Amino acid sequence: MVSETESQAAGLSLAGEHNAQEAATNSGQGVNHTSDGKLYNGVTAMEDNKDTSTQDVFDVKIQLPGGDLVDIQVSSKELVQEIIQVLMEHEDSCHRTCFSLQFEGNVLDNFSELKAVEGLKEGSILKVVEEPYTIREARIHIRHFRDLLKSLDLTDAYNGVDCSSLSFMNIISEGDIGDCLCLESNGNGKKKKRSSADQGLEAIDCSPPEYILPGSTERPLQPLQPISCDNKPLQCLKSMIMSGWNPPPGNRKMHGDLMYLNVITMEDHHINITASNRGFYINQSTAELFNPKPSTPSHLCHSLIELLNQVSPAFKKNFSALQKRRIHQNPLERIATPYQVYSWVAPSTSHIIDCVRAEDAYNSRLGYEEHIPGQTRDWNEELQTTRELPQALPTEQQLRQRATFKINSDFVGASTRGAMAVIDGNVMAINPGEETKMQMFIWNNIFFSFGFDVRDHYKDLGGDHAAHIAANHDLNGVQAYSDLDIEELYFLGTVVLDYRGYRVTAQSIIPGILDRKEDQSVVYGSIDFGKMVSSSVKYLTLLQKSCKPLRIMRHTVLNEKDEEVMLCSSVECKGIVGNDGRHYILDLLRTFPPDMNFFPLKEKEAFKKDCSHRFPKSYRHKLCNLRPELIDSFYQHKFAQFMKLVMEKTKDGDSQQNNGIAHESQENDGKMEADIVREACREVGSVLEYTFDIRFNPDICSTVVKVPESQKAVNQLQRQLLSEASAFLLNVQIPTFIKGCLTHSIVPMDGKSLTEALHSHGINIRYLGSIAETIDQVEEREPLDHVYRIVIMEIITRLAKQILRNYLQGIEMSALSAAVCHFLNCFLSSYPNPVAHLPPDELMSRRRKGKKKVRPLENGDSTAWTSMSPADLWKQICDKARDSFDFTFPCDSVDQLVEKFNLQKVTLLREFCKKTGIQVLLREYNFESRHKPALTEEDILNMFPVVKHIHIKAKEANELVNKAQISMQQGCLNQAAVLLNEALVHFNSAYGAVHPEIAVCLRLLARVKFILGDIAEALDNQQKAVIMTERTLGYDHTNTIQDYVLLSLYCFTSGQLPVALKLLYRARYLLLLVTGEDHPSMATLDSNIGVVLQAVLECDLSLRFLEKALETNKKYFGNKSLDVALSHHLIALAHTSKAEFRAAMQQEKETYTIYKALLGDFHEHTKESSAFLKHVTQQAVNLQRTMNEIYKNGSLTTLPHVQIVPPGIDTLLQQLNIINGIIRINVSKNDKEKANETNDNKNTDEKNDNEKSNEASADSTSGEPEQEAALQEQQKGETSEQNPEDPEEPKEHDETS
C-alpha cells in the first residue's frame, strides 16, 4: 500500500542500489495524466509516439470503491505507482490517498511495471481498495487535502515554497487558446469560431493600454502580475488546525485514534474530527472538554472531503467549483518545478491559518526531511549510489539520469532550507565556542560553512574576497568533474547560497571525515596551498582521465621534504578516501588555469598588444581563473594555427623537392614530416613533442608551490602559453563579442542574458569595464547603445550588491526591512535625505535586557547602517567600480547616471532585486519624487536566497535536439519532428514534466510543426513552452518574451487575432520593463504588432508601431539595411489600407531603392517591390485624377476606379514570417519537404539572415497554404461588412483532402 503525493517521492532513502532505482522510478513523476484519464507526460501527448509504441499502449478500467469506473490509457512500461498518482489527481478520485490497486484479487506492487502483471490487457479492470490508515498515512492525507484546497492559490508561489512558481499565459490570453484547442480536438471548433467571428472585427478591442504605446515613459509594475477576474480563491473552510488534544491518550490509541483536528466550516460550525485507522469521523470534544466518542449522527468516511461534504453544504458547493476550475487548468501550471523559482515582486496577500504549513515550519523541516518522521536522509550515500547505477543499456542510462537529477534537485532544496535556518539562527553550531564567522553547522546530514577567510587560510590571496569567490570556483570545478562522470572518482554534493549578506556553502559529508583530523584524511593534494603535498597512485590513475578533457597538465612539485610529487590537478585539490572506501575529491577551486591578465609579473612579460587595456593589473583577490569556454576556444584557435603551420611547412618542403633542392628516400620523407609536426608543435606551445596537445598547469602562478629545477623551463613555456590565452581573451574574444553585438547575432536584453553571452565567449564578468571601454572606442557607437546601457546597469547593480552584502552583515533581524528599505532609497530614490527608521525603543530595550544576541555574525555597531546617505553610497559605488572593473562613472549621482545613459529606475530595481533575493511589494513606485522616499518598510516583503548549484544534463536528449537542429537546417523537417519527439521522451524521463530544456525542445518542435502546416500542434507545443519557461525561468525572463511572440504568430495563423494582440502587448510590456524602448528587439515586436493591427483594420494604430519600428531599425541596423527596407514596405502596406497612396508610394520607393542597391535589379524581392511600387503609383494617379474631376465638375465620368483593397491575411502572414525568421513551407503529397531556409534564431530580436532569408521568403510566395487562403476569405468577408464564412470548414476540408 502506497499513498504518497507527488512531492513525497523526495522521502525515499537510498541505502543501496535497489533504493536508488526506486527513487529513480518514483522521481519527478508529477502529474503524468490529464484529468480525463488520458496519458499525459507533461510534454507531449502519447499520441505523438503511437507509431513506435502502439503495441505498448492500452486502455484499462479503474473501479472506484463506489462502483464508478474510470478509463485510463496506460503503457506497459508504466509503474503501478504512476497510476496511483493519476487517480490522486483525477476529479473523481483525487480525495483518496490511502488505497491499493488490486487485479483479480492480487495486490499490485507499486514499483513494478505493468508488463509484469500477469493477465493485464486491454479492458482489464483494476480495483481500488481502501486501506487502513497509519499516523504517517493520515498526515499524508491531510497534506494532500490541504494541497487540493490550495491548488489555485498563488500564495506558495509568491512565498517561494514547495517549488511553486507563477505563470500568467492563460490569464493574458483569457484561456482562449486552450478553449480553442479543446473545442477543435472535440470536433466542435465550428461553433467556437462562429461565436467569436460573428461579432465582427469592429467588436474586437485592439487598443493597447497607454503604457504600451510607442513613446510612453510610464513603466507601471501592477500589470506584471495580472489577476484574472475569476481567479479569486474559493474558500472551502475557515480554518483547519491540529487539535490541542493531540496526541491521543493510550486508551484511545487502543481504539485506533491517530490524531485530532479542529475545523471551522464556512457556516461557522466548530467541529472536532478524529483521524482513526478506519477513516475520519466527528467526535464530541469541545475546546474545554475531551470526549472522543463519535457524535450523532455518526459519519465514518475514508476521506476528509467525503466527511466535510456531508456536514457542510458550503464546503460541498465551493469544493465542487474549485475542482471544476482545477481540472480546466493546464497540468503544467500545477506540477512542482525541479528547483525553486522566486518572484522579485508580490502583491499584498492575507496570511491565513494553515496547519500543514505550521507543522512544516516548527517540526519536520527544522530537523528532519519531510514525510520521514524521525529520519534524516544520508545525502552523500544517495548522491554517490545513484552515480554507481549501471548504465550499459539505454533503459539503465535513463534510470540513472532520472535518479541523479532527482536526488540533486532534492539536495538543492534541502540545502536551501538548511542554509536559511543557519543564517536565521535556528541551527546549533558544531563548534559553538569559536568566533561566529568560523562556526560550522550540520543539519539534515548536510555540512554548512560560511564564505569568510577563517584561520587566515586565504590571507595571501585576498582574504574574505578570495574566500567568497573560492566557493563559486569550487562549484564550477564540481560541475566540470560531474560532466566528465569518471567512474570511481567521487565529488561532494555542493550548493552555494547567498542569503541576507552571507555566502554559505552546503556540502554532503564524506563518511568518517568528522572523526579524523584534516591532515590525517588527505592522501592526495595539499591542505596549505602547496607547502605540504602528498600524492596517491590510485588518485593519479583516476585524475589522469580528466587531464585531457579539462586541459590540465600533469606536473611535478616538491613537498616539504623537497621530494618530487606528481599531480594531475592543482595542489589545492584534495583527495580523501572515505570510510565507505570511495575516493573523493574536494576543494576544486583551481580546476581551471589562472588569468594572467590579473597577475602582475615581476619580470617584464607585459603583452605588447594590450597596453590599451592596461593589462596585466592587480585585482582584489588572486583567484582569477579563465573560464572553460575560453580554454575550449583557445584550444581551437591554437589547433587552427598548428594546422596552418603544418600545411605551410609541408608546402615549402614539397616545393623544395620539386625544385631538386632535396631528393630523399621515402624513409627520409617520413622523417621530414615528423620534423615538420615537431616544429609546428613547438611553435604553438604544444605540451607534446610529436602531437598537438594544449594543456595548462593550474599551479603556475602559485607563490607557495615549489617546483623542481627540471621543471622550470617547462613552467616558463607554460607561463608564456597562459599569457597567450589571456591575450587571446583581450584581443580576440572581446572584439568578437563586440562584433556579434554590432551584427546583432548577440542581442542581450538584461544583465542575465548579457552574462550568459559573455560566458559563452569565455569572458569573465570582471572584464565589464574593458568591454565598456571598447564600446566607447567604436567609431559608430550608436548601434551598441543598448549593450553599453546594459553593461553600465550590470556594473552598478553588481557593485550595489557587494555593498549591500557587507551592509546586511551588521544588521539584526528586527531591523532588516528598515535597513533594506533605507538602502534602496539611497540607491534609487531621488529624495535627497532618506531617514532610516530603527525598531521601537521599547522593543530594543527589552531585547538588551535579555541574553547575549546570537546575531549578527559581524561584530560591530548594528545601527551603523542608519548613517548611510545617497552621496555615501554613490561614493562607495564609484570607488568599487575603479577597484573591480577599472571603470569610472562620468556622473556625480545615480540620478545623473540614469539621465545620461537613458536608464530606467524600475529596471535597476528589477536587476538589483533579482541579484540580491529581495522581494518588494507590487505597487507603483515614484522614484523621481524629491519630497518623500520611494519605498517604505512595508514595501520590503521578503528576502530569498540566491542559489547556485550544478546542472545535471540529459546527454542523449540534448544530442537528439542537436541532430534535429541539423535536420532542420538541411530541410528534413519530418525527420526533425521525429527526433524532437524522441528527445522529449528522454527529457521527460530524466527531468520529469517541467524543465527549461524541455521548453527549448518544445519551442523547436512548435516551429517545425508550424512550418509543416500543423498549426494546432504548433499552438499546443508553444503553449506548453510558454508556461514552462514562465515557471522555470521566470514570468519576466527574456526567453518568456520570445515565447510570447512565437505563440502570437501561431495564434494569428489560426485566426485568433485578438489573442495574438494580447500576447504581443504582453511581450512589449515585458520588454519595456526589462530593457526599455530603445532596443533592437523592440523593432521586431513593434513590426509584429503593426502587422497584426493591420489585419484587424486598425491602420492608424498600426502606423504608430510601424513608424517606431522604422526609427529603431534605422538606429540599430543603418538607413540602408534590409530591416529598414522591410519597415518601409510594412508602412507602405498600412498606408495602402488607408488609401493614402502618395505616402505609400514614398515609403515603397525607399524599399525599392534599398533592395536594388543591396540585392540587384534581378532579385525576386526587387522585382516584387518594383511591381508593388507601380501598382501604388497607378492608384495614386487614379485617385488624384478622381479628386481633380470631382473638384472640376462635381461628378465622375469614365475615369479608372481606385482600388482600395487592404492586404490579405496571407500577405500579412508572409510579412510576419519574414519578421520572425520563419518561412512557411508547403508539404507535397509524397511528404517531401522542400525548404529554402529555416532560421532557428533563439531570440525574438534576432532578425533573419538578411539577404538569404529575404530570398527564401520571396520564393515561398509561389504557393500559399490552404489555411491562409481560408483566412483571406474570412478577411474579405469581414471587410465587406458581411457575416464571415466559418474559416474552420475549409480548413478541415483541406486538411482531410
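A quick note: this is a predicted structure, and the numbers were derived from the prediction, not measured.
Side-chain atoms of N1039 and T1029 include no donor-acceptor pair closer than 3.5 Å. Using modelled atom types, one finds a donor on one side chain and an acceptor on the other under 3.5 Å when comparing S343 with Q225.
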Working for salt bridge (Lys or Arg N to Asp or Glu O under 4.0 Å), residues E174 and K1062: CA-CA 9 Å; E174 298 178 3; K1062 291 173 191 172; 3.1 Å; yes
Please step through side chain to side chain contact (heavy atoms under 4.5 Å, CB included) for the pair E1098 and V1092, ending with a clear verdict. CA-CA 9 Å; E1098 289 281 351; V1092 179; over 6 Å; no
Stepwise, does the side chain to side chain contact (heavy atoms under 4.5 Å, CB included) test hold for S216 with E210? CA-CA 7 Å; S216 173; E210 286 293 324; 5.6 Å; no
Using side chain to side chain contact (heavy atoms under 4.5 Å, CB included), reason through E1148 and T1136 one step at a time and then give a plain yes or no. CA-CA 11 Å; E1148 193 61 29; T1136 305; over 6 Å; no
Could you go through the side chain to side chain donor-acceptor pair (under 3.5 Å) check for N1182 and Q1178 one step at a time? CA-CA 6 Å; N1182 291 347; Q1178 185 61 50; 2.9 Å; yes
Criterion side chain to side chain contact (heavy atoms under 4.5 Å, CB included) on Q1179 and H1175, from CA distance to verdict: CA-CA 6 Å; Q1179 295 305 311; H1175 169 73; 3.7 Å; yes
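Inter-residue side-chain proximity for E1030 and D1036 is flagged as unmet; no heavy-atom pair is nearer than 4.5 Å. Residues L1133 and V1091 fail the side-chain proximity criterion, which asks for heavy atoms closer than 4.5 Å. Side-chain contact check for S1087 versus L1130: some heavy-atom pair is nearer than 4.5 Å. L1005 is listed as a side-chain neighbour of K1009, based on a closest heavy-atom distance under 4.5 Å. Contact of the I212 side chain with the P209 side chain is registered, since non-hydrogen atoms from C-beta on lie closer than 4.5 Å. Between Y1065 and I1089, some side-chain heavy-atom pair lies under the 4.5 Å cut-off. Contact annotation: the side chain of L1073 never approaches that of T907 to less than 4.5 Å [non-hydrogen atoms, C-beta and beyond]. Using a 4.5 Å heavy-atom threshold, the side chains of H786 and P1080 count as touching.
Residues forming a side-chain hydrogen bond (donor to acceptor under 3.5 Å, both in side chains) with R1066 (at least two apart in sequence, or on another chain): none. With sequence neighbours left out, the side chain to side chain contact (heavy atoms under 4.5 Å, CB included) criterion links E756 to K752. When the side-chain hydrogen bond (donor to acceptor under 3.5 Å, both in side chains) test is applied to T1040, no partner is found at least two apart in sequence or on another chain. Residues forming a side chain to side chain contact (heavy atoms under 4.5 Å, CB included) with A1125 (at least two apart in sequence, or on another chain): T1151, I1154, Y1155. For the ring pair (Phe, Tyr, Trp, His ring centres under 6.0 Å) test, no residue two or more places apart in sequence or in another chain qualifies with Y1152. With sequence neighbours excluded, the residues that form a salt bridge (charged side-chain N to carboxylate O under 4.0 Å, His left out) with R781 are D776, D785. Here A757 pairs with F737, I746 under the side chain to side chain contact (heavy atoms under 4.5 Å, CB included) rule; sequence neighbours left out. In this view, P783 and L742 satisfy the side chain to side chain contact (heavy atoms under 4.5 Å, CB included) rule, not counting sequence neighbours. Residues passing the side-chain hydrogen bond (donor to acceptor under 3.5 Å, both in side chains) test with Y925: none are found, sequence neighbours excluded. With sequence neighbours excluded, the residues forming a ring pair (Phe, Tyr, Trp, His ring centres under 6.0 Å) with H1129 are F1172, listed by chain and number. Partners of K905 by side-chain hydrogen bond (donor to acceptor under 3.5 Å, both in side chains), not counting sequence neighbours, listed by chain and number: S830, D895.
The CD1 atom of I1131 sits 12.0 Å away from atom CD of E1140, with the distance rounded to the nearest 0.5 Å. The structure places NZ of K1024 at 4.0 Å from CG of D1020, a figure rounded to the nearest 0.5 Å. Residue N1220 holds its CG atom at 11.5 Å from CD of Q1215, rounded to the nearest 0.5 Å. For the atom pair CG of L1097 and OG of S1102, the computed distance is 10.5 Å after rounding to the nearest 0.5 Å. In this structure, OG in S173 is found 8.5 Å from CD in Q1056, a value given to the nearest 0.5 Å. Atom-to-atom distance recorded for Q1022:CD and L1049:CG is 9.0 Å, nearest 0.5 angstrom.
The 12-atom threshold is exceeded at NZ of K1115, counting heavy atoms of other residues, nucleotides or ligands nearer than 6.0 Å.
The two residues V1124 and N1119 have their closest heavy-atom pair at CG1-O, 3.5 Å. Taking every heavy atom of both residues into account, S207 and L1101 meet most closely at CA-CD2, 3.9 Å. Taking each heavy atom of A1132 and Q1147 in turn, the nearest pair found is CB-CB, 3.9 Å. Nearest approach of C913 to V920, heavy atoms of both residues: SG-CG1, 4.1 Å. What you find for I790 and G751 is that their closest heavy atoms are CG2-N, 4.1 Å. Closest of all the heavy-atom pairs between R1031 and S167 is CG-CB, 3.7 Å.
In this structure, E924 does not pair ionically with R219, as no charged nitrogen and carboxylate oxygen lie closer than 4.0 Å. Salt bridge annotation for K1114-D1123: absent, with no cationic side-chain nitrogen under 4.0 angstrom from a carboxylate oxygen.
Of the options L221, L1072, L224, a side chain to side chain contact (heavy atoms under 4.5 Å, CB included) to V906 is made by L221 and by none of the others.
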Using atom types as modelled, flag every donor-acceptor pair under 3.5 Å from a side chain in residues 1103-1112 to any protein atom, sequence neighbours excluded.
from	atom 1	to	atom 2	distance (Å)
K1108	NZ	E1111	OE2	3.4
T1112	OG1	K1108	O	2.9

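One N or O on the side chain of T797 and one on the backbone of M793 form a donor-acceptor pair closer than 3.5 Å. The backbone N or O of M749 lies less than 3.5 Å from a partner atom in the side chain of T1075, making a donor-acceptor pair. Using a distance-only test at 3.5 Å, with no hydrogens or angles considered, a donor-acceptor pair links the side chain of Y1069 to the main chain of P220. S1054 contributes a side-chain N or O that, together with a main-chain N or O of C1051, makes up a donor-acceptor pair within less than 3.5 Å.
Aromatic ring pairs are classed by plane angle as parallel below 30°, tilted from 30° to 60° and perpendicular above 60°; the pair F1010 and Y1050 is tilted. Taking the six-membered ring where tryptophan is involved, the planes of F901 and Y788 are tilted, since the angle between them lies from 30° to 60°.
H744 and F1117 have their aromatic ring centers within a separation under 6.0 angstrom.
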